[in-house]
Structure formats: structure tokens, C-alpha cells
Amino acid sequence: MILVWLIVIPMAAGLLAWIFGKSSNLFARWISVLGIGIDLVISIWLWIQHFAGVDPSRTESWLVQIKASWIPDLGITFHLAIDGISLLLIILTALLGLISVIISWTEIQRRVAFFHFNIMWILAGILGVFMAMDLFLFYFFWEMMLIPMYFLIGIWGHANRRYAAIKFFIFTQASGLLMLLSILGLYFIHHSQTGVYTYNYFDLLGTSLGGASRFLMLGFFVAFAVKLPAFPFHPWLADAHTEAPTAGSVILAGLLLKTGAYGIIRFVLPLFPEASMEIATLAMILGVISIIYGAILAFAQTDLKRLIAYTSVSHMGFVLLALFAFNEQATQGAIMQMICHGLSTGALFILVGRMQELMHTRDMDRMGGMWQNVPRMSGVAMFFALASLGLPGMGNFVGEFLILIGSFQANKVITIIAASGLVFAAIYSLWIIQRVFHGEQREEWKIPDLRARFIGVFAVMIIILVVLGLYPRPVIDTAKPSIDTMQKNMEANMQIDLESSGTANLSSDDWMIGVESERD
Amino acid sequence: MLSLLWLVPAIPYFSFAILAVFGKRMPKSVSGLLGVGSVGISAVISVLIGIQFISSPPEGDLFLQRLWTWIGVGNFQPEIAFHLDALSLLMMLVVTIVGFLIHLYSWEFMEDDEGFSRFFAYMNLFVGSMLTLVLANNLVLLYLGWEGVGLCSYLLIGFWYKDSYNGAAARKAFITTRVGDTAMAIGLFLLFWNLGSLDIQEVMSSASMQWGTGSGIALAVALLLLGGAVGKSAQLPLQVWLPDAMAGPSPVSALIHAATMVTAGVYLIARTHVIFDLAPIAQAAVAIVGAATLLIAGFSALKQHDIKRVLAYSTISQIGYMFLALGVGAYSAAMFHFMTHAFFKALLFLGAGALIMCLHHEHNMFKMGGMRKQLPLTFWTFLIGSGALAAVPLITAGFYSKDLILWRAWTSDSGSPILWLAGIVGAFITAVYTFRMVFVTFFGESKMQADRKPGVRISVPLVALAILALIGGFIEMPHTLGHFAPFSKFMHSVLPEVHAGQYSISAELLFQIIAVVITLSGILIAYIFYYRKPELSANVAKSGIGTVLGRFFYSGWGFDWLYYTFLVGPFVWIARVNKKDIIDFIYTIIAMICQIFNFIFRQTQTGRVRSYAAGIAFGAIVIIAIVMFT
Amino acid sequence: MTAIPMEHGLLLAAVLFMLGLIGLLVRRNIIFMLLSIEVMLNAAGLAFVVAGARWAQAEGQIMFMFILAMAAAEVAVGLALVLLMYRKFKTLDSDQVSRMRG
């Protein structure tokens, strides 16, 4: 039941914030803080319950699940379940959600109640995506996070917001429809083989798809690659991130992009193991192109927020590279990179948002020498810029290093090219520092430095990044059982491929064992 | 005592954290005390550890302190663990002791700077990272320190951030070294892929077991590590960043860009010498890089007029000597030169810093002159440093270390007369540019008035380093002088002895005499050209070939131009051209096609009821026709 | 009473329908257009009645009742719109009222 609460609480908080927020803005803000704060507490409690002091060598990967019938005629169930990977992402969602509410405290002054409703519902949608184990339900949540996001960008965005919102919507919607087609394809193929109509993930896992698998896989892959975003599906990102209000940018970069990576981990690889292996090289190449192309684009920008937006393309390229390397180090690196990218890029967006709120510009040509005015803000920006260039000692380094060392074992040439991304990351990160905080002051800015609210937010993010950089074990151990299971399935599939006897599908059995031992 | 090892890097880190968070609110005396004191405590602990390590060596001549497993994924299990042996002990001692002296110096040097506590925060972070680098027991932790020192180098070069020139220099340093770092990282991936571990001891032992001498993988790994080393140590072809790095405050140049960080490449190669021993080609490459760099940088130093740039090129050149020694397998000679170089080069930079501070931030030594009388202490210590740099025989440390390298460059099995020749020519140039600097700065007429004298906190480090620059060489005497060599004996617990045939003492004496003559003639030439008859040097500079060569040397052999034209320029151009993202353009075209169709179909929406009715009628007719005739 | 052949009835309906349609297309006055629509509706109704008579089924006449009701409703709404249109645009020319042009 706890999983349902995780989704219902933000939804309810959103509704309450909308209804009662009309009388007082403060009410909307506090209700939202409370709602997502409770979620954070619950998710951390879940983590402590399942991971603190538990033997890390255990193999059981599913932690909690709930299953209820929803539309039985069509085989649709309300089925939520989490494993280590989802749990990590849920904690990240709750944390960044809480942060985005806090940092919007003064920035959002228009239609505050409706704003918080949207934020809460996006978060609920994202949480749902990370938990849904029924493809229909998954698609439902996938769309649910999209529409409030559209409003968020379209209503509270900056100058070019309508263009950005529509672009965001069309990209994600079009790709989402491809995924829907694939889901339906899977649904009907499964029916034709077993006579059972079901959207249940665990039931569909064992479906042997034959020739159709390639197309079905592509439908999923494209949807997730757009969200990720991977080259060449990235153009929506820059506009959406740039025009969104700060909270929107934080959620976009920190969470929405992660749903793409999560989708690949959860659906593309287990559902279509052979087809995934077929496109592995292509996907890795796309990852590398994203890394380098995103970095070059980032360097060219003069709009600070746009620059940071493009760095996401580069960073998520590493994730794509890692996921298709199919080995433990790379996959762990991808998880680590997802979490740390969420924090470091999120923090950079918060900084830019704050600067825009105070300075009413994001144009780097007008900034420069800000260190003299706002040393605290500059120091914090320096920290996160360094984190995003992958400096050792911060979580991002652990992620990138694991990714590269893992994918090196899968494909050397591609990884060597990807490693050049380290140089490019240094170029754009230092460029930010130079253009904005160092150098001569191009204009006289009189803006206040960070105060308690922001210092608190950044302190939490900095501490997490440093702790993960020096002691990443909590994350690694949490994700390990799921990754081990994944790994085993991939290997089993390869085995089956080798024996060319598709009758006994080991992978589905393995997953099922996990499900039967319920805990909740 | 050895178990306190972790405190050595931890104390500076801790002090960094405090200074970074609370530095702004501290009075300068507190932050100065914290910044200097933390390194001082580290130095004391290091010395105590060193005494214990030497007096009662632990088993196997090494001590390992495991703190915790850092990243544990599959068989990738790097730890946070410190490894102490003769090599890392030497590095640790040099880093903490020289580091402490430079910190003390900075306390006075930076006293009036508004970023005082920020400066000490960065400096402490640097010391911590450098200690992590030298003490790391695995290559990933070493890489952490490696990047950490690079970061501090960046932060400190650009310390005076208001001038965007400094920022550019800082970025150049970081990005250039990052190119090398990336090569090194790829080397690590390759090592891990092949050997399944990145623990240094494990890698070394399994590499020597699994790889044959001259195997391709050893060559690849060695070359990639060399890539990292040349980046950090400012060797060809990545040496371009170091001269610009002089934009930072002088203590920074002394600590990071002379004594410690830039020699990290030397340390790396010495630390992984097993791999280089397995790859003779890579080792030869090390020697050739060293020889070429020492010459190129030496010639460049001849034409500089900024005193710190002279020293910068000189540093590049001296590290070239160390690479030369590494390349011929004389590892302990390289480490010996590293140590003496740390003493005298830090001394020279600090002396130059004192000059610059006393002369209203004037860097151009041709505007100084006659400082001998005005700043006697600075003069004498600077002279000692210059003597050591130019390898004045017998009394300076530089003589012993450089002599050893030159001797090995010829006599080692992998040495050759050509390498020796490069070294000896380099020694001559070194003597010339060093004493050019001394004569121009300290002799002749005073062109400026010093407005202050260095205080105690500046004088003490100068004197201490001057003493070290004099006596530091006596721990390794050549055969001709009794062969008292505790240093190399100590080092040989970690580093192999050089492979060389037997040579008679008279042969060695002959080589030493040649070197001494060369050095003294270099000093003599500098004396003639820059003190006795300055018009001579002016005439040479004015002649046609003199101008061309002068400009060429001044620009550091045009490497900056080369990189700008072929790397930076195109990159920036591509970035600018593609600012709007060509891929976005493709999607825009799709959107435009939709709009074109929209325009076409919109024409049917006339707004007139009758045309709609006509449309309906026409459509009905068409449908009926289709139904009827098919 | 001699039965009128169905063909004649249908022919009449078709002619009426064409007249209505032509009227609709050529007249610009909105009232005349409404009238033309009435003619077309009646043509359709006639066709139903004829067909109902041919097969002796009641549905034909039932459909005519429907059409009648619908036509009444249509005229009611249509005339209201016409009134509004005249009040707003001071014209009965349908081509003048082309605000919905794309």
C-alpha cells in the first residue's frame, strides 16, 4: 500500500494546493512542501528498511509490490513494484521535488495555486513511471507527467515559452505514441501466443517475439531516446529547459530525463534482449555523438541556461553509452551518473534561475566578474561546474569513470572517443566560470548573495555529491541486486541464443521468482 | 607512528574545508595560521613517519594503510588506501616540507590580498591532493589526486580572477593537462581491461608476469600513461600551458609549477616503471621527449624578459632532464633531480616573487637591475638557487643530480651519446640563461627603487631553501667523490638500479670535467654578454637571424600558434557555426513542411457558405460515382 | 387509382433536389439559401415517401415526419441566425460574412 501512498500523497497535495491556494499563496506552498516532504520521508524510510544493515550479497531484487485488478476484461492491472533502481530514483524524485518547491518560493508569483498543482502532479506522474509494472499503467503515468509539464512551461515560462512548450509536447507525445504502438503490439503478440490478454510486465517478459521484436523495441527505444535525450532527438530539450521556470528546468533535467534512461533499463533491455544487442553498437554510437555534440553545442551558447541545458545532452550520452555496454560496471555507472547529474545540473539550473530572477537576464555577454558581488553564489556555482566536468571526489566522477571503464570492455574505439568528452566537459564548464564569475565586470550588478533558503538547498546537494564521490557504496549496493538479475538474464539470453533453443526462457522465470516473494 | 599516515593528507583537506566554508568571516591571522599550520603539522608528521620508516623499515619496505573500499563494482574494487614506500616517502617529504616553507612565505606575500583565506584554502586543497596523488595505492585514487592538483593549479593560476588574461591562462592549463589526463584515463581502462585491477602493486606484478617485454599492450599502456605525464609535467607536446601559468601568484608558481605538481609526471612514470621497462619503445620515447623538451624550453628561456617566464621555461627544461633520466632507466637519478630541483626552483620562484613584490609587481627583469645592493638577502639566496640550477660544481645540489643524469644518459644500456649531447647542450644553455637572469636583475645600475624589504616570514623560507639547495646534493656523491650514495640505496628498495656496463672512475671524471667546463663557460658567456658588454647581446639580437630566432624562441617555438590555428580555432569555428544546432534545423524543416500544407489546405477555408456547400455536393457526387462505377 | 410508377416519383424528387442545390449554390441571399435547403429537404422527403409507397411500408412516411420536424428546427435556428447576422453585419449576403476564412 505504501507505494500507492507515494503517488496519492503528491496528487492530493496538488489538489489541496489548488483549492486552498486560491486564498493564500503561502498555503499552496506549504501544502506542497508537506506533501512531497512526506514522500521523501517515506522513500528514505523504505530505503533504510531494505538496505541499511542488509547483506549486500542477497539476490532478491524486488522489494515491495502491490497488485490490484483494474480493468480485468482488457488485462489491465494496477500493479506497482519497486526494486533498488526504482527506489533510488524515487528518493531522487522526492528530493528534487522538494527542492523545486522550495526554490520557487519567491520566483513564482502568478497563479501560485495552479503552479503547485502542476508540480505535484508531474511528480506523481514521475513516481508512477518509476513504479508501474503494468504497461498500460506505465503509459498512463508517462502521459500524466507530460501534460502538467506542458502547462508549467507554457504558463510560467520565459519569453519564448509557447514555442518551447509546444515543441516539448510534440516531441514527447509523438514518441510516446510510438511506444503505445509497441505496447499494443506486445499485447497482441502475447495474446496470439498464449491466449491471454495482459499488460503485465512480468507476464510479457517471456514473450518470444521473433521478427517483430526489432520494431517493437524501436518503438520503446525511440520514446526513451527522446526523453533521454539522445542525438538526434535532442532539439526539444534546449528550448524546454531554457524557457521553463526554474522548478520546471530542475524537474526536466533532474527527473524527466531519467525516466528515459529508466525506461531503457526496465523495459527495452529485459523485454527485447536480442534486439537490444543488435542495436547495441548503434546505441553506443548515438551515446558518443550525444556526448561530444552536446558539449560542442553547450560551448557555443551565450544564454547561460541554454548552455546548461545542452550539457545534459552530453551527460545523458554517457548513460546511453553505458546502458548498451551490458556489463555491471557500466550499468552501475549509469545509475550513479543519473543521480549525480540530477543533482549537479539541477543545482546549476537553480543558480541560473536565481540569477535570472534577480538580474532579468541569462545573457552571459552581460555578466562577468560576479565573484566580487556574490562570492557565495560563485563558490557554489564553481562547485557544481566542477562536478559536472567530472572532477574526482564528486559523485559524477564515480559515474563517468565506471561508465567508461565498463563500456571499454564492450567497445574500445567508441569508449576512447567518448573519453574525449572529459576534455569537452572541462571546456564548457570552465567557460561558464570564466564568463559569468571571473573576468572583468561587464555591467554593474547589485544583487544579493545567497541566503539561508538557498544555502540550505545547496548544502544538501553538495554534501550528497561529495559523499557519493567518496563513498558511493550506498547507491551501488542498492542497485546491485537488480543489476545482477538483469545481468543474469542478459547472459541467459545469450546462452539461449547460442543453444538456439527458445523453448525454455530462463529470464522470465528468474523475474517471476522475485515477484512471488512479496514483502508488502 | 606509521598509522598516522592518513593524517598527512587529511589535515590539509580538513583545513581546506574549514577555510572554504568559514574563511570569509575569519580574521586573516586565523586563516593564515590555519592554512600554514595545517601544512606544518603535516610536515612534522611526515618527518616523524620518515624517521621511523628509515630507522626501522616495515616489512617489505612498504607500509599500507587501508581506509575503506571506495567503489566496489564487480571486480573493480579501488580502495581509499595509502601506500608508503621509499618513493612515496620522498615525495611526501618534499611536498610537505617545501610546501610548508612556501605556505609560510605566502602568509606574508599574500597578506594584503583580499582573497587571503581563499588563497590558503586552495593551497591546502592542493597539498592534500598532491599527497593523495603520491600516497595512493591504486591508480584511481592516484587519478583523484592527479585531477585534484590540476584543479588547484587552475584555481590558483586564475586566482586574481578579475583579469581575464589570468582566467585564460588558467583554463589553458587545465584543458591542456586534461588532454593528457584523458589519455591517462584511457590507459587505466586498458590496464583494467587487461589485468582486472588498478591496484598499483598488483598491476605491476601481474604486468611483469603476463606481458612479455616489448608486447603491444605494454607499449600502448606505457604511451598512454606517458600522455598523462607529459600533460601534467609540461613536456612536449603539451608544454604550452606552463609559461602562461605564471599568471598566478609567485608562491603558487613555486609550489605547484616548480616543486611539486609538475613533477607528478615523473612520479607517475617512476611509480609504473615496470610497464615502461616492458616497453622499450615507450621508454625511448620518454627519453626523447625529455631531451627534446629540455632543449626547446632551454632555448625559449634564453629570450624571455619576464623573470617568471624564464623560470617557467627553465622548469620545463629541468623536468626534461628528469624525463631523460627516466627514459634511460636511471629512475633514482630522476628522483634525485626531482628533489634538488624542488629545492632550488622553489627558491628561485620565491626569490623572484620577493623581487616582484618589492618592485611594485614588475615582472620585466630588464627594468630591474642592480638589486644586489637593495635586496641583499634576496640576492644571495637567488644566487645560490641560480648556482644550483646552472649546476655550479661541487657546492650546489644541482651539480650532483644533473651530473648523475648526464652520466647515465650515455652509460646506461638504453642511453646514447646523442641523449648525452642534448643534455650537455642543455646544461650550457641553462648556465647561460640562468646567469643572464642573475646579471640583468641584480647587477648593473638600479633602474627601480624597492619600496619594501622582505620580512621574516619571507626570509626564513628563502634561507632554508637556500641551505637545502646547497647541501641537498651531498646525499648522493659520484664515484669520483667517494661514492657516498645513501639516496640511491634507499630508492632501490622501490626502483630498479640502472642497467649499465662498468666504467672506470677516470671515464666518469672526464665526463664531469666536460660538464663543469661547459657550465662555467656558459656562466662566462652570460657574464660577457649581459654584464661586461651588454652591447654585444644587443647587436646579436638586432642582426637579421637574431631577430627571427629571438622571436621564435620568445614565442616558445610557435606551439601556441600551432595549436591555436589547428585545434582551438577550428573548434571555436565549428561551435559558433553550429550554435543554432543543425539538427534542430532539420526538425524545423519538418515543421515548415507541415506549415506549407497548412497554407495550401487553408485556402479551401474561404469562409463562404456557398463554397462549402459546393464542396459537399462535389464530394457527394464523387463518392456516389465511386460507389456506382466500381 | 393507377399507381404512379416509382421512377416518376424519384425523378421528381431528383429534379427538386437539383433545383434546391442549384438555388443554394447560386443565390447569395441567405434567406433564399434557406429556402433552397427546404426544397432539398422536401425532395429527400418525397423520395422517402415514394419508396415507402413502392414497398408499402410505413417507414417512408415516418422518415418524412422526421424530416419535417428537422426542417422546422433548422428553419427556427437558421432564421434566428439570419436575424443575428443581419443585426451584426447589416447584410443578408452570405459571401460578405466570411470571417471564418482560414
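Naming: A, B, ... by sequence-line order, numbering from 1 per chain. The model shown is predicted, which means the values in this text are computed figures rather than measured ones.
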Checklist line | Under 4.5 Å from any heavy atom of chain B - which part of A:M336 | finding: neither

Check: Does any N or O in the side chain of B:W193 come within less than 3.5 Å of the main-chain N or O of A:G406, such that one atom is a donor and the other an acceptor?
Finding: no

Checklist line | Closest approach of A:L430 to B:F174 (non-hydrogen atoms, all atoms of both residues) | finding: CD1-CD2, 3.5 Å

Next item on the list: Classify the ring geometry between B:Y143 and A:F401 as parallel (under 30°), tilted (30 to 60°) or perpendicular (over 60°).
Entry: tilted

Notebook entry, point to check: With a 4.5 angstrom heavy-atom cut-off, which part of A:I296 approaches chain B: side chain, backbone, both or neither?
Noted result: both

Next item on the list: Let me see the working for A:E328 and B:N75 under side-chain hydrogen bond (donor to acceptor under 3.5 Å, both in side chains), right down to the final yes or no.
Entry: CA-CA 10 Å; A:E328 195 185 346; B:N75 55 348; over 6 Å; no

Notebook entry, point to check: Checking ring-ring contact (aromatic ring centres under 6.0 Å, His included) for the pair B:Y587/A:F171: CA distance, chi angles, key distance, verdict?
Noted result: CA-CA 10 Å; B:Y587 288 103; A:F171 266 84; 4.7 Å; yes

Next item on the list: Identify the two heavy atoms, one from A:P235 and one from B:D584, that lie closest to each other, and give their separation to 0.1 Å.
Entry: CB-OD1, 3.3 Å

Check: Is it the side chain or the backbone of A:I170 that comes within 4.5 Å of chain B heavy atoms, both, or neither?
Finding: neither

Checklist line | Greater than 12 external heavy atoms within 6.0 Å of A:K412's NZ | finding: yes

Check: Rounded to the nearest 0.5 Å, how far apart are NZ of B:K162 and CH2 of A:W371?
Finding: 12.5 Å

Next item on the list: Work out which heavy atom in A:Q434 is nearest to a heavy atom in B:S164; give both atom names and the distance.
Entry: NE2-CB, 3.7 Å

